[in-house]
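Okay, so here's the structure we're looking at.
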Amino acid sequence: MSIQHNLEAILSEIPENVRLVAVSKTKPVEAIREAYHAGQLDFGENKAQELLQKQPLLPSDIRWHFIGHMQTNKVKYIAPFVHLIHAVDGLKLLKEINKQAVKNKRTISCLLQFHIARESTKFGMDINEAVQLLGSGEFKNLSNIRVAGVMGMATLSDDMDRVRKEFRQLRLYFEQLKKEFFARSPEFHEISMGMSHDYKTAIDEGATLVRIGTAIFGERDYQSA
Ligand SMILES: *Cc1c(COP(=O)(O)O)cnc(C)c1O
């Protein structure tokens with residue numbers, strides 16, 4: 001199955017208001033180019049170094065989504081061009097993103113990552129941490145940050161009832177924050193959830209961004225990557 005075919009199959013299934021982020025981590029630039037020529041503009045990477053190697057080799061109208069755990073000391077490398085940082089999990093990181101955004105004379109869009117899965121290895125805040133962050137004076141001083149919504153990863157499981165409940169929880173967090181902090185901010189509108197095996201459930205539960213890798217590019221080979 002070709003990348004173009006896979007993309008078309010997925011796009012035919014997702015509603016128009018849901019944006020597809022093609023997760024190209026570990027995949028070569030040729031594969032990204034193939035997806036780009038099929039019309040795909042949003043791509044997701046989870047390692048700063050890998051993104052920095054690929055970005056200059058590819059068309060400049062690609063929108064690069066950083067979907068991985070962001071280390072504070074790596075922000076400066078991607079700040080000049082990143083489109084959306086999906087996994088922001090604290091004020092310290094937000095402050096660094098703001099600092100680099102100011103240096104680059106841009107506003108950087110971010111999503112707040114929530115821990116919704118059972119696995120404790122996954123990253124993300126709980127709702128109290130997020131409320132505290134958004135209510136703090138320090139947050140209000142971050143002039144070059146745009147908080148565009150929330151992001152989460154469900155438990156890696158075939159138990160779709162559980163996965164559905166986790167996505168629903170993320171949606172409720174989104175609604176709560178919208179009401180408390182962003183009622184008059186249309187830019188707070190994204191719910192990034194759903195991957196190759198669970199994106200249909202995520203869309204049912206209100207995803208606006210789905211992050212899909214394997215179903216587009218095939219299995220990842222971490223040995224040779
Ligand atoms: C790798 C990754 C994805 C894509 O996973 P697939 O199962 O290949 O679709 C989505 N989100 C994040 C945060 C990832 O790291």
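Indexing begins at 1, ligand by ligand and atom by atom, following the structure's order. The first residue in the sequence is number 1, and the count goes up from there.
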Just verifying a value: how many Å separate H115 NE2 and M153 CE, rounded to the nearest 0.5 Å? 10.5 Å
In chain order, what residues pass the side chain to side chain donor-acceptor pair (under 3.5 Å) check against E205, with sequence neighbours excluded? R164, R168
Could you list the residues that satisfy salt bridge (Lys or Arg N to Asp or Glu O under 4.0 Å) with E8, not counting sequence neighbours? none
Parallel, tilted or perpendicular: which describes the rings of W64 and F43, with under 30° parallel and over 60° perpendicular? tilted
Residues E50, K54: salt bridge by 4.0 Å N-O rule: yes
Identify all pairs of nitrogen or oxygen atoms, one from ligand 1 and one from the protein, separated by less than 3.5 Å, and list them with distances.
unit_1: ligand 1; atom_1: 8 (O); unit_2: T214; atom_2: N; d: 2.8
unit_1: ligand 1; atom_1: 8 (O); unit_2: T214; atom_2: OG1; d: 2.5
unit_1: ligand 1; atom_1: 8 (O); unit_2: R220; atom_2: NH1; d: 2.8
unit_1: ligand 1; atom_1: 8 (O); unit_2: R220; atom_2: NH2; d: 3.1
unit_1: ligand 1; atom_1: 9 (O); unit_2: S196; atom_2: N; d: 2.9
unit_1: ligand 1; atom_1: 9 (O); unit_2: S196; atom_2: OG; d: 2.5
unit_1: ligand 1; atom_1: 9 (O); unit_2: G213; atom_2: N; d: 2.8
unit_1: ligand 1; atom_1: 11 (N); unit_2: R211; atom_2: NE; d: 2.8
unit_1: ligand 1; atom_1: 15 (O); unit_2: K25; atom_2: NZ; d: 2.7

Which pairs, with at least one residue in residues 85-110 and sequence neighbours excluded, count as a ring pair (Phe, Tyr, Trp, His ring centres under 6.0 Å)? H65-H86
